[in-house]
There are 2 protein chains.
Amino acid sequence: MTEKQEKILRAALQLFAKEGYHATSTSKVAKLAGVSEGLIFRHFGNKEGLLYAILAVGENKMKTLFVDIVMESEPKQVIRKTIEMTSKIDVSDYDFWKLQFKLKWELEINSDKKMEPLKMALTNAFQKLKYESPKMEAQLLILFIDGMGSAVLKGSSLNPTEMIQFLLRKYEL
Amino acid sequence: MTEKQEKILRAALQLFAKEGYHATSTSKVAKLAGVSEGLIFRHFGNKEGLLYAILAVGENKMKTLFVDIVMESEPKQVIRKTIEMTSKIDVSDYDFWKLQFKLKWELEINSDKKMEPLKMALTNAFQKLKYESPKMEAQLLILFIDGMGSAVLKGSSLNPTEMIQFLLRKYEL
DNA sequence: AACAAATGTAAGTAATCACTTGCAAAAATA
DNA sequence: TATTTTTGCAAGTGATTACTTACATTTGTT
């Protein structure tokens, strides 16, 4: 990975996350990155290739965020860590997460499949804790996580710390 | 409102909801509507004007969906109706709601303010029912509604009817 | 050192973008 | 009926789009 390649990826992430994929032209990316426009196509083939290069880099961020939860054996800890997940997101990664949410609607790129391991872990946790409908409980919690993430990234009025505390009490954690 | 004006609005809603605002060109809208491209600008000024004309038409849809809940005096009914809200959405209105969610991310058009009356009604309802943190409860439920709507409109694997039943049980309704 | 491959740029390309102009037909108003 | 206003279209406009080409420079390999 060249220095200029990284500059392109950083610039593209920043612009895609802020303005959206279609609203960002390759010439804008090149300008912000301080490279010639042609270099984008030399390295990434086309605009779509640039997008997927960004997503590939960020894929690991998501995995490392999940692996700590999925590996956890204590059921109560699985639930606690899931609820606290959004607060664990580094501010420097906001652009990446914002892009993830944006793409879900702008293009129809779904990140649901990546959620599957988390859903499994949660279902198991709720089952161990003798909840009546562990599968539904897992789905509901994921719904909340998604909503929390969305609220935080859009700078909604919602106070995430307060909401996390509230949820932890609800699940008796 | 001319017949051709309506045709333009219908075509634009369909395309904006499916492909997104930036990905839809005015020429595509004109083609689908079966009119000349210039007519769009004659009637709506520019592309943004076309978008806001669509949103103005749909504004009432949102209001009528909320008014039934906000006017309800029985607290348990307020909560029940809120939970059941997503299932009350007509399939023919899917495009409008999809556009609403899309715009929240593609442009930064926030529909949070329109949620405020619902939030107030829910807070009151939870207060009457002696919940410990009525405000947080209201916020949590709205988070859920948002997530449900998002899941339904994106055709996620989530079964909304099942989830609604599950939630009604959770709130002892 | 010699050669090949990879990295980089400047200046293009045709196509498409949102939008305008000029003019005709229809509708409303007098 | 005469006149104005509104509705509509065909054919434009310059700007911007994603992408290509031709050529120079740097880097890696033998």
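Each chain gets a letter, A, B and so on, in the order its sequence line appears, and its residues count up from 1. Any value given below was found using the heavy atoms of this structure, including those in side chains, with hydrogens, waters and symmetry copies removed.
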- prompt: Any side-chain N or O of Thr26(B) under 4.0 Å from OP1/OP2 of dA18(C)?
  reply: yes

### Query
Between Glu37(B) and Ser27(B), does any side-chain donor sit less than 3.5 Å from a side-chain acceptor?
no

Glu37(B) has its side chain closest, among dG8(D), dG8(C), dA18(C), to dA18(C)

* Hey, does the side chain of Ser27(B) come within less than 4.0 Å of dC17(C)'s phosphate (OP1/OP2), counting only N and O? -> yes

Q) Just to confirm, is there a sub-4.0 Å distance from OP1 or OP2 of dT16(D) to any side-chain nitrogen or oxygen of Lys28(A)? A) no

Whole-Å distance, Lys4(A) NZ to dG8(C) P, equals 6 Å

Whole-Å distance, Phe41(A) CZ to dA22(D) P, equals 18 Å

Report task. Look at the aromatic rings of Tyr131(A) and Phe126(A) and report parallel, tilted or perpendicular, splitting at 30° and 60°. Result -> perpendicular

Just N and O in the side chain of Lys47(A): are any of them under 4.0 Å from OP1 or OP2 of dT17(D)?
no

Of all heavy-atom pairs linking Arg169(A) and Ser133(B), the shortest is NH1-OG, 3.9 Å

His43(B) vs dG8(D): side-chain N/O to OP1/OP2 distance below 4.0 Å
yes

Whichever of Gln5(B) and Thr24(A) has the more 5' nearest nucleotide on DNA chain D, that residue is Gln5(B)

Rounded to whole Å, the CZ-C1' distance (Phe16(A) to dA18(D)) equals 12 Å

When rounded to whole Å, the CZ to C1' distance for the pair Phe44(A) and dA18(D) reads 16 Å

- Query: Any salt bridge between Lys102(B) and Glu19(B), counting N to O under 4.0 Å?
  - Reply: no

Ile40(A) atom CD1 is separated from dA18(D) atom C1', nearest whole Å, by 10 Å

Establish, with yes or no, whether the OP1 or OP2 oxygen of dT16(D) is under 4.0 angstrom from a side-chain nitrogen or oxygen of Ser25(A).
no

Atom CD of Glu3(A) and atom C1' of dG8(C) are separated, to the nearest Å, by 13 Å

Indicate yes or no: does Arg80(A) engage Glu84(A) in a salt bridge with an N to O separation below 4.0 Å. yes

Out of dG8(C), dC9(D), dC19(C), minimum distance to the side chain of Leu39(B) belongs to dC9(D)

Rounded to whole Å, NZ of Lys7(A) lies from P of dG8(C) at a distance of 10 Å

Whole-Å distance, Arg42(B) CZ to dG22(C) P, equals 12 Å

